[in-house]
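Worksheet for the structure shown next.
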Amino acid sequence: MYYEVYIDVLFLENFMMDSLLLLAIHTIRKSGTTHRRIFGGSAVGSVLTCIVISLPLPGTVKFLLYHMLVNTVMLKTGIKMKGIKALFKNICLLYLFSFLFGGVLHFFRPYMRTASLFFFVAAGSYCLLVKGWEMLRKMERKQKNICKVIVQTDTGEHEFKALLDTGNTLEDPVTGKSVSIIDKEAARKLCGEEPLKGFHYIPYRCVGKESVMPAFQIDKMCICAEEEKWVSNPVLGIGEERIDKQDEYQMLLNPDILGGI
């Protein structure tokens, strides 16, 4: 039993897949590599793959050559990196993305009758992979910026979730303090029927809008981030709308309240 392999088709398919894999690694790792180098690395990897497949060697030897030599040379040629640690990370990403690409292509394989459709599905898989990865990273960064906040007032101690909002530069002109924003519902739970301490209005500006925001002071607030930090008499502004529709957090912390951290 033997297989008939068209070396030109094998080269083109491997070149395309290797290019997409290296482009994905470059995009996610932000390697600073030029596209010329990426395509050069893809060509080297494709040529080495064709050589290994055409050599009359045992399957185990071909397997080891492909996974230990070809992939390493392709990555070193196509991606700018320094050190063994960076190489190891890139190899892990290469196999992860190869697994994901392979799964998508295997799913659509019964419906692909032409090479052009194969290339289209592969390119679509690349875009989907990169966008999905970026979304996961964005969610991860968001979760890292969410912390627990303990608020002390005359009505007792209350616990909320807060997002460290680097875009919040609001400052109270009355006290000169940085202003964090609290959800309207959370403010109602916080204050109850008690009169708001130091209630006043502060002007603010957002995209296409200028208005005023009700604000008040509380006794103390503990921000439970990497380290606990107590803030005395902080100023809270009451937002007009729900801060987060999924209710993952009820406050927007002003980064200046942490000393610019």
Side-chain angles (χ1 to χ4, degrees), residues 5 7-55 57 59-112 115-146 166 226 248:
V5 177
I7 201 70
D8 55 341
V9 176
L10 178 66
F11 173 82
L12 288 174
E13 285 191 357
N14 275 277
F15 176 75
M16 183 200 67
M17 293 304 298
D18 291 344
S19 298
L20 292 176
L21 288 170
L22 292 181
L23 281 169
I25 294 172
H26 159 67
T27 302
I28 290 167
R29 296 273 292 161
K30 295 179 172 51
S31 64
T33 307
T34 63
H35 287 82
R36 182 176 180 179
R37 180 170 177 174
I38 288 173
F39 293 130
S42 303
V44 170
S46 187
V47 168
L48 291 176
T49 299
C50 293
I51 292 174
V52 170
I53 289 177
S54 62
L55 289 175
L57 297 172
T60 304
V61 176
K62 289 185 177 182
F63 178 85
L64 293 175
L65 284 175
Y66 180 74
H67 290 283
M68 297 182 65
L69 176 65
V70 175
N71 288 341
T72 302
V73 172
M74 180 181 71
L75 283 170
K76 293 286 287 183
T77 305
I79 299 292
K80 184 187 295 184
M81 68 182 84
K82 292 182 180 180
I84 299 298
K85 186 176 180 180
L87 176 62
F88 177 75
K89 289 182 179 180
N90 287 337
I91 287 177
C92 290
L93 285 176
L94 177 68
Y95 280 100
L96 173 63
F97 296 159
S98 297
F99 174 77
L100 295 175
F101 272 141
V104 174
L105 293 175
H106 178 74
F107 178 81
F108 286 102
R109 176 69 71 176
Y111 312 102
M112 292 186 291
S116 59
L117 184 57
F118 174 82
F119 295 149
F120 174 78
V121 172
S125 301
Y126 160 77
C127 295
L128 184 65
L129 174 65
V130 171
K131 291 297 181 183
W133 185 276
E134 290 177 350
M135 186 179 298
L136 288 174
R137 293 293 298 272
K138 185 177 180 179
M139 291 172 61
E140 181 186 9
R141 287 194 296 267
K142 179 181 176 181
Q143 287 299 322
K144 286 183 177 179
N145 286 336
I146 295 178
T166 55
E226 294 181 359
E248 293 184 21

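- Partners of N71 under the side chain to side chain donor-acceptor pair (under 3.5 Å) rule, at least two apart in sequence or in another chain, are Y95.
- Residues L21 and S98 approach most closely at CD1-OG, 3.5 Å, considering heavy atoms.
- With hydrogens and angles disregarded, a donor-acceptor distance shorter than 3.5 Å links the side chain of S54 to the backbone of I51.
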Expected list for residues 81-90: side-chain donor-acceptor pairs under 3.5 angstrom, two or more places apart:
residue, atom, partner, partner atom, Å
N90, OD1, R29, NE, 3.1
N90, ND2, A86, O, 3.3

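- Between S46 and N14, the closest heavy-atom pair is OG-CB, 3.4 Å.
- Interatomic distance, D18 CG to I38 CD1, rounded to the nearest 0.5 Å: 12.0 Å.
- Taking each heavy atom of L22 and G41 in turn, the nearest pair found is CD1-C, 4.0 Å.
- Partners of S19 according to the side chain to side chain contact (heavy atoms under 4.5 Å, CB included) rule, which considers only residues two or more places apart in sequence or in another chain, are F15, F39, S42.
- The side chain to side chain donor-acceptor pair (under 3.5 Å) test applied to T33 returns S31, not counting sequence neighbours.
- Remark: F63 engages H67 in a ring pair (Phe, Tyr, Trp, His ring centres under 6.0 Å) (not counting sequence neighbours).
- Contacts of L69 classified as side chain to side chain contact (heavy atoms under 4.5 Å, CB included), with partners at least two apart in sequence or in another chain: L65, V73.
- Panel note: side chain K62, backbone L55; a donor-acceptor pair is recorded below 3.5 Å.
- Heavy atoms only, all atoms of each residue included: R37 and T77 are closest at NE-O, 2.9 Å.
- Applying the side chain to side chain contact (heavy atoms under 4.5 Å, CB included) rule to V70 yields the partners L48, T49, V52, Y66; only residues at least two apart in sequence or on another chain are considered.
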Verdict with supporting geometry, L23 and H35, side-chain contact (heavy atoms from CB on, under 4.5 Å):
CA-CA 8 Å; L23 281 169; H35 287 82; 3.6 Å; yes
